[in-house]
Structure formats: C-alpha cells, structure tokens
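Beneath this line is the structure, given in structure tokens, with notes to follow.
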There are 2 protein chains.
Amino acid sequence: MSKDSPATVKQRRNSDQVTLSQVAQAAGVSPITASRALNHPDKVSENARRNVLEAVERLGYVPNLVAGSLASSRSRLIAVIVPSLINTVFVEVIKGLQETLEAEGYQILLGNTDYDLDREYQLVRTFFGWSCSALVTAGLRHNQACHTLLANWDHPIMEVMELGKGMDLNVGLDHVAAGRCMASHLIDRGYRHIVYVGARLTQDYRAGMRYEGHREVLQAQGIEAPLVELDTLGSLQAGAESLTQVLAQHPHTQAIHFANDDLAAGALLAAQRQGLSVPGDIAIAGFNGLPLGQHVTPQLTTILSPREEMGRLAAKELIRRLSGKNVYRRQHDVGFTLQTGGST
Amino acid sequence: MSKDSPATVKQRRNSDQVTLSQVAQAAGVSPITASRALNHPDKVSENARRNVLEAVERLGYVPNLVAGSLASSRSRLIAVIVPSLINTVFVEVIKGLQETLEAEGYQILLGNTDYDLDREYQLVRTFFGWSCSALVTAGLRHNQACHTLLANWDHPIMEVMELGKGMDLNVGLDHVAAGRCMASHLIDRGYRHIVYVGARLTQDYRAGMRYEGHREVLQAQGIEAPLVELDTLGSLQAGAESLTQVLAQHPHTQAIHFANDDLAAGALLAAQRQGLSVPGDIAIAGFNGLPLGQHVTPQLTTILSPREEMGRLAAKELIRRLSGKNVYRRQHDVGFTLQTGGST
DNA sequence: CGCTATCATGATAGCGCTACCATTCCTTTT
DNA sequence: AAAAGGAATGGTAGCGCTATCATGATAGCG
C-alpha cells in the first residue's frame, strides 16, 4: 500500500487564537497586506489600513509576536542584565531604561546575575536565544566566554554604570574620579585619618574603583589610605555595624568615606544613637545621592550620580542605533556632583 | 514560459547562526533527536545525548528560543506587571519572583503600568503575544477590557500584593485588616486625635484599603478619622512636607498613621529637625517594615509585610501549576506583623 | 513462537508570521 | 507615444524549531 493516503491530516493548532490570516480574510486583503497595515502603516492604502484595523478590533486579534520575531529575526525585546535588585541604584537605571524603551514599543527582558559573571554568561546566552534587539548590561567586566559571545553578536550592546572603552556603546561615569573627588573634599576639610569602607569590593568592583581614586589622592598627600572591607552587601545595618568595627581597628579615625549612601546613612544614624557627634567626633561621607541622605541630620555629604538619567540616555542611544541612525559617540559621560552636607 | 525555473532560490538566512540541524548533523543524528537530547534528555539514549551535547559545545550552538516557542507554543517567559519601580515594595516582590523563577529556567518579562490600568491592558496584550507561560500582576483591579482578556486566557494568572478572590491564583495580605491592626494599636496607646496620611489613594488603592480598616476601628470607638491625601507619590520628601500640612489642618493631632514607611520616616526625620518630640508631641506609624524604620530614633512603629516572601511563594505556586500539579489552594495569605517601635 | 508492550529514532508537516520577488496599474518623463 | 518610475498588492517560501505519527528494534509473556 502506498503511503500517500493521509487519512488523518495532521492537526496542530490547539488554541482558538485569532490569526493574521483570519484578520486579512475579514478585511478582504491578503495576509501580507494585513501584516503591512499593522507594521508599516505607510506602505498600504488608507482604505486597506482602515479595513484591517477594523477587523483587528472586531475579531480581538492579538499579534503573535513569537511568530513575527521568527520570521523577521527582530524581536523588539531588550535584554537588561543587572547584578542586583536589592541595590536601588540598578533599579533606578532600569526605571530610566524602562520608561524610554516602553514608549518606543520595546519590552524589557530582565536578568539578575547576583554579581556572578558566570551567571551573566548564562543569561546572555539565553537572551540571545530570544533574538533580542539589543542588550544592556551593568559594567564593563565579563568573563572570557561572555566576552567572546558579545564580541560576535551583531546587535547593539550597551554597557552602563561605569565609563570606559567597552564592547560597543557605553553610558556611565568615572568612578575613579568620583573617589578622587570625595577624597579631595575630605582632605580640604582638614581630615587626615580617613578610612574607606566598602562591602564586597570584588563583587561591587566599582566601589573598588572609587577606592583607587580615593587612595591616589591620599597617597599624593603622603597619607595612608586604610580600607575596611565588609563581608555583607551594603545596607543600613551593615553601615551601622561597621562603625564600631572601624573605630576599633582605627581609633584615630576622623572621617569615614563609605562606598555608598546606605552604609553611610546606617553609620550616621548609628553614631547618633551612640551619642557620637557628626562630624565633630567622626565625619561621614557616602556615594550615590540617595534621598535618605538629605533627610538625616546632619545632611550626608555624598556624590550624586544621575541614575535614572543614565538609564534614559542609554535607552535613547540604543533607540538611535536601532532605528539605523549613525552613532558618532560611543561613550557618554553622565558625570557626578559632589553634594556637601553637614556630615563632613 | 513556465514558472518552475527558480533560477535564484530564495535565500533568507541572514546570520551565521548555528542551527539545531547542524548540531544534529555533527552528532550524526536527526534534528528531532537533537531536539529531544536537549529538551527531554530522558527520552534519548545516553549515547545520542552525549554526542549531541558534545556537538553543541563544539559548534557553540545557542538554541533559538523564538523558533522553539513558536513550534511548541510554550515560551518559559513569565510576564510580570507592576505599577511602579520607584516604590521598593514592588521591586522586592520582583526579586522574590526572579530568584525562584530563574532557578527553574523561566525568564521575566517586565512591565510597568505607572498605576494606569489602561497601560496594564496594553502590556497584557503585548505579553500575550509572547505566548507567556504565566502572568503575574500586582493587584486585583483591572479595567473591563483587561478583565475580559485575562478571563479568556488559558495560562496561569497570579495576582499578588492583596488578598482576595481574583482571576486565578492569588498571594497577598489583607490590607483592610492591616489598617485595622495599626489603628487598634494607636487606640490602645491612648491616642484619640489620629490622622491618616496617604499619597494618591486612587492609584495606591491598597493604601486606601488600609484607611478603610483604620476608619472602621476609629468609628467603632466613636472617633473621627480624618484623612489627608497628598498629591505626590510617597517619598521621604512628601512625608516631611506633609507634617507641616497635617499640623496646620489638624492642630490637635496626637498621632499620624502614614500609608507607608517612606512617608512616616520622612515625617519622623522632619519632626526631629523641627525639634518636635516623637512620640511626645506627635506619634508616627508607618507601613511596610522597611529597614530604614529600624534605624531612625525612635524606631518606627510599622507593619511588616513579607514582600520577598510574597514573590517567592507566588513563584513557587506558579511553578507547581506550570508543572501540571494540582493546585488545591488558590488564595495564599502571607500575613503581616505589627512591629512596635518607640515612635508611638 | 507469535503476540503485544516499550524504547529509540526518524520523516513529515506545520507553528504564524514576514522577506523577497513578481505583478498590476498608474503617473511622470523625454 | 513609448519608456521609465513608483505605489499598492499578492504569491511563495521560508524563519528554526517541535508535535505528531510511523517505523524498526528489542524485550517480555504465556
């Protein structure tokens, strides 16, 4: 018996989902015209467009973006990879990205590495599998495999948070300079026994870069630059606890330069509870310019980093690139601002 | 001339992307066996599996998830829709979701409504287009169109944050009860002139629910329950500013029940700056149990809501459902805890 | 030993959409 | 008037993968 008797035709469509072909039929046009009416409205007659849109509405058509992406190998998905969601700075960058990208019809695929570069590599692989239109990642450091993968990818890559020569596009600030800036400020104020306190500097290596800048300035003055590295992630709690530790290890400390505002504010509030005067007994400085720092007494001296702005700018530059425009500058310095409060 | 002379064969593959067929060829098996080796490892011989995995490694194959999703109409994408990313409570829920879902190989598609239900509807439509495996959304309220869309969707829907009868699954807490709880606490402490302060209660309607509970308790005692509604979103700044406003409008105020800890902490810190004693001159209570509240002096009385736990539990329940297990309980109450500090 | 049950594998046919090329019917140009 | 260009539309053939069914090989059974 020959095999060309398909008694039962293969039947795969499971759902009652409305397809573009059905819309096209209802609108009296071909599927491809319906597709164009939705995706390139200027390429069809007004008449066709109106009929298609009307049919879409009437049938409750929801475009199958998966099929569209497969056919066009463009997805309007943007992969965003951050090392942490607890740290609010990344969330603020995401927010800036989000609002700008969503307005242009892009969707965010969110990944969290927990400061693990191998995890980043895995996420990048997965996201590539989604034919993402672009990738945003926090930081310029990647492991070897990830670097290779990124280098061979033919879509825009945006590295944010720190300024430097990256894979492709870059929006960030100079953390070494920020560290120098705060250290200079502390020197100017007359402090000489200054401790830098950071949390997990191998993970939050940008805080490590700020320490480099800090140390540079102190050493240029012939001053030592002791470092206290905490084993927990930065938090109010960790900051509060670190105060005791620092004063025990370095009894002559006049000022503490904290890696971020959470630590600094935690220490400041703890100092108050312990009856220590800030900055009389101990001066405290932070980094980020979180609102909290403005509401404690004395106000926290800190460095304001434009985080949402960084996200928005990164998104705008990506959109420029994705819409085929030439990109003249690949690096964008968003800068930072020293905000002196009463705490130093 | 007949049309069957395809001089130039249509050529669409643009990239040099390695495909599953190439892997299969390299491994000496058919494409479908290669597919099974990767997705259902227990359905192929150990020999085949080893060869395929080796070929994957050697060729640097990255699965095209878009094609896979189209073919299987399953995507391992989970849509997560929140009203805000500024408000840290949602971020913490996302974090709980994220860590649990990623561990199971699901990816998060993130959407932000900015407290706009029409925006939510648009996001839901878009996400459905991605054949998401499930949808997580904050809150039980949707507009009519969105409700219809959700009701007809044949994948799990998880509504988080507030407890109640939702579309499908639900993990949250009872905000009315939380409002009652704090109000009772304030009554117990002897306060009678109590003002509730919230920010944009039509948007943050859960804060409105807490006010309902609050009012219920006060009215049962024959006490009025004045409400001050701010026009900005909750923040330290708004809390600080509200203090003056409340005292001007209600000079006899003994206690302020704030809709959240940001407002409360802002007011508490502002009171200190103004030389007001807390709780002597004015008692202050919040909601959420943010770390900040534990570090101010006096410690903030608040209600602790298990936000990350809420995210984790929601994720676990979704995974149960997605792996075909029976779900016996659709509603999960994560509860809350009154945390009394010195501020009341 | 024949019969069914189980396993490993493969051939085929889509999933729903869009890129590509071809066609038709105008309008413009020289 | 003929040639050239442009706008609107459609036919065809995939995008890269997996569901479905079919097949052959092996095992289990009385």
Side-chain angles (χ1 to χ4, degrees), chain A residues 1-25 27-49 51-52 61-76 128-131, chain B residues 1 3-25 27-52 61-76 128-131:
Chain A
M1 192 172 178
S2 73
K3 49 166 66 178
D4 49 4
S5 63
T8 27
V9 172
K10 281 196 194 178
Q11 182 63 22
R12 197 101 89 72
R13 293 201 70 248
N14 43 355
S15 70
D16 46 0
Q17 199 197 356
V18 180
T19 70
L20 188 59
S21 295
Q22 292 171 31
V23 170
Q25 194 166 16
V29 298
S30 74
I32 187 69
T33 300
S35 167
R36 278 194 276 251
L38 295 175
N39 299 315
H40 310 281
D42 52 319
K43 290 198 184 286
V44 297
S45 66
E46 194 188 318
N47 195 26
R49 195 183 327 141
N51 286 338
V52 170
Y61 170 67
V62 177
N64 185 327
L65 300 173
V66 178
S69 299
L70 179 59
S72 66
S73 47
R74 285 179 290 96
S75 72
R76 294 190 90 77
F128 280 9
W130 281 108
S131 323
Chain B
M1 191 172 178
K3 48 164 67 175
D4 49 4
S5 62
T8 25
V9 172
K10 280 195 195 178
Q11 183 64 20
R12 196 102 87 73
R13 295 200 70 247
N14 41 356
S15 70
D16 46 0
Q17 197 196 358
V18 180
T19 71
L20 187 58
S21 295
Q22 293 171 31
V23 170
Q25 195 165 17
V29 297
S30 73
I32 187 69
T33 300
S35 166
R36 278 194 278 250
L38 294 175
N39 299 316
H40 310 280
D42 52 319
K43 290 198 185 285
V44 298
S45 66
E46 194 187 319
N47 194 27
R49 195 184 327 143
R50 195 163 21 79
N51 286 338
V52 169
Y61 169 69
V62 177
N64 185 327
L65 301 174
V66 179
S69 300
L70 179 59
S72 66
S73 47
R74 286 179 289 97
S75 70
R76 294 189 89 77
F128 281 8
W130 281 109
S131 323

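All values below were derived from every heavy atom in this structure, side-chain atoms included, with hydrogens, water molecules and symmetry-related copies excluded. Here is how names work: the chains are called A, B, and so on, in the same order as the sequence lines, proteins then strands, and each is numbered from 1. The structure displayed is predicted, hence computed values, not measured ones.
The NZ atom of A:K43 sits 12.0 Å away from the OG atom of A:S35 when rounded to the nearest 0.5 Å.
Secondary-structure annotation of DNA chain D gives the stems C:1-30 with D:1-30, with a stem taken as at least 3 successive Watson-Crick or G-U pairs whose two distances both fall under 3.5 Å.
D:dG16 atom C1' lies 18 Å from atom CZ of A:F128, rounded to whole Å. D:dT9 atom C1' lies 15 Å from atom CG of A:D42, rounded to whole Å. To the nearest angstrom, C1' of C:dT18 lies 9 Å from CZ of A:R74. For A:Q22 and C:dC17, the CD to C1' distance is 13 Å, given to the nearest whole Å. Distance B:N64 CG to D:dC15 P: 11 Å, rounded to the nearest Å. Following rounding to the nearest Å, A:N47 (CG) and C:dC25 (P) show an atom-to-atom distance of 17 Å. If you measure from atom NZ of A:K43 to atom P of C:dT18, you get 14 Å, rounded to the nearest angstrom. Residue B:R50 contributes atom CZ, which lies 15 Å from atom C1' of C:dA8 at whole-angstrom precision.
Nucleic acid contact for B:R49: none, since no nucleic acid atom lies under 4.0 Å from a heavy atom of the residue.
Every residue two or more places apart in sequence or in another chain was checked for a side chain to side chain donor-acceptor pair (under 3.5 Å) with A:S21, and none qualifies. Remark: A:Y61 pairs with no residue by the ring-ring contact (aromatic ring centres under 6.0 Å, His included) rule, at least two apart or across chains. Considering only residues two or more places apart in sequence or on other chains, A:S131 meets the side chain to side chain donor-acceptor pair (under 3.5 Å) condition with none of them. The side chain to side chain donor-acceptor pair (under 3.5 Å) search around A:N47 returns A:R50, not counting sequence neighbours.
Two residues are said to be in side-chain contact when any heavy atoms from C-beta on lie closer than 4.5 Å; B:V23 and B:V52 meet this criterion. Counting only heavy atoms from C-beta outward, the side chains of B:L38 and B:L20 approach each other to under 4.5 Å. By the 4.5 Å heavy-atom criterion applied to side chains, B:W130 and A:S69 are counted as neighbours.
Closest approach to the A:S45 side chain among C:dG16, D:dA8, D:dG16 is made by D:dA8 (side chain taken as heavy atoms from C-beta onward). Nearest to the side chain of A:L20, among D:dA19, C:dC17, C:dC15, sits C:dC17. Considering only side-chain atoms of A:A48, the nucleotide from D:dG16, C:dC17, D:dT9 that sits closest is D:dT9. Closest contact between the side chain of B:H40 and the listed nucleotides D:dT9, D:dA19, D:dG16 involves D:dA19.
Look at A:Y61 and you'll find a side-chain N or O under 4.0 angstrom from OP1 or OP2 of C:dC17.
Place B:A67 and B:V44 on DNA chain C by their nearest nucleotides, and B:V44 ends up nearer the 5' end.
Between B:A34 and B:V29 the shortest heavy-atom distance is N-CG2, 4.1 Å.
Looking only at distances, a side-chain donor or acceptor of A:R49 sits under 3.5 Å from a matching main-chain atom of A:P41.
Of the residues in residues 27-38 of chain B, those lying under 4.0 Å from DNA chain D by heavy-atom distance are B:I32, B:S35.
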